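Remember, predicted model here, so these are calculated numbers, not experimental data. Starting from 1, each residue takes its place in the sequence as its number.
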Amino acid sequence: MTSKKDMRRVDLAIPYVDPPKDKNDADMTGAMSSTMPMAAMFTRNRMIGWVAFVFSLQSWLGETVEQKKTATTPAYMSVLMSLMALAVTYLPIFLPPQPTPGGSVATPSPTSSP
């Protein structure tokens, strides 16, 4: 039979210490939350706009004190930018573009000649 005695030595245990973070690490969440709203406005894609809004909201709510100190713009600005991107993508629904006079000229369909 084996004994139930714990053979581990407490004096040899090494406590875990987080490795120091590099100061030069790029903030990928900040870059994505600022470029996705621009992509949504340029393409007028609503799906990119909603993803940009959710992504920027998550990065704003998950912002640490260190990120607040080192950030060039506050995180709530990316949330406002993504809301503006959503407004731009949904703008044609509420304010449809006006037809230009002479812009929609009907072209004759090609017909076979006899």
Side-chain angles (χ1 to χ4, degrees):
M1 279 208 199
T2 62
S3 66
K4 302 285 183 183
K5 184 178 174 184
D6 190 9
M7 301 301 288
R8 295 179 286 185
R9 291 180 44 190
V10 179
D11 60 332
L12 295 178
I14 300 172
Y16 176 76
V17 177
D18 284 333
K21 295 196 177 193
D22 189 16
K23 297 283 185 186
N24 296 330
D25 285 344
D27 185 19
M28 198 62 182
T29 58
M32 290 296 290
S33 64
S34 64
T35 57
M36 285 178 68
M38 289 186 277
M41 283 188 275
F42 290 147
T43 60
R44 296 217 177 190
N45 190 334
R46 293 184 187 114
M47 190 60 140
I48 296 174
W50 281 108
V51 170
F53 174 69
V54 170
F55 197 82
S56 63
L57 192 63
Q58 284 178 342
S59 66
W60 180 37
L61 294 176
E63 191 177 32
T64 63
V65 177
E66 184 64 30
Q67 286 175 337
K68 286 181 184 179
K69 289 178 186 175
T70 60
T72 56
T73 58
Y76 65 85
M77 289 299 289
S78 64
V79 174
L80 293 176
M81 185 76 167
S82 63
L83 284 173
M84 187 173 71
L86 280 175
V88 166
T89 57
Y90 282 99
L91 194 63
I93 292 176
F94 301 110
L95 297 171
Q98 297 294 324
T100 58
S104 60
V105 176
T107 58
S109 62
T111 58
S112 61
S113 59

Review point. Residues in side-chain contact (heavy atoms from CB on, under 4.5 Å) with R9, at least two apart?
Key: D11, L12
Check your understanding: With T43, which residues qualify under side-chain contact (heavy atoms from CB on, under 4.5 Å), at least two apart?
Key -> N45, I48
**Study point:** OG-CE distance between S34 and M77, expressed to the nearest 0.5 angstrom
**Key:** 11.5 Å
Counting only pairs under 3.5 Å, give me each side-chain donor-acceptor contact of residues 83-99, with atom names and distances, residues two or more places apart or in other chains.
{"unit_1": "T89", "atom_1": "OG1", "unit_2": "A85", "atom_2": "O", "d": "3.3"}
{"unit_1": "T89", "atom_1": "OG1", "unit_2": "L86", "atom_2": "O", "d": "2.8"}
{"unit_1": "Y90", "atom_1": "OH", "unit_2": "W50", "atom_2": "NE1", "d": "3.0"}

Anything under 3.5 Å between a donor and an acceptor, one on a side chain of residues 57-64, the other on a protein residue two or more places apart or in another chain? List them.
{"unit_1": "S59", "atom_1": "OG", "unit_2": "F55", "atom_2": "O", "d": "3.4"}
{"unit_1": "S59", "atom_1": "OG", "unit_2": "S56", "atom_2": "O", "d": "2.9"}
{"unit_1": "T64", "atom_1": "OG1", "unit_2": "Q67", "atom_2": "N", "d": "3.2"}

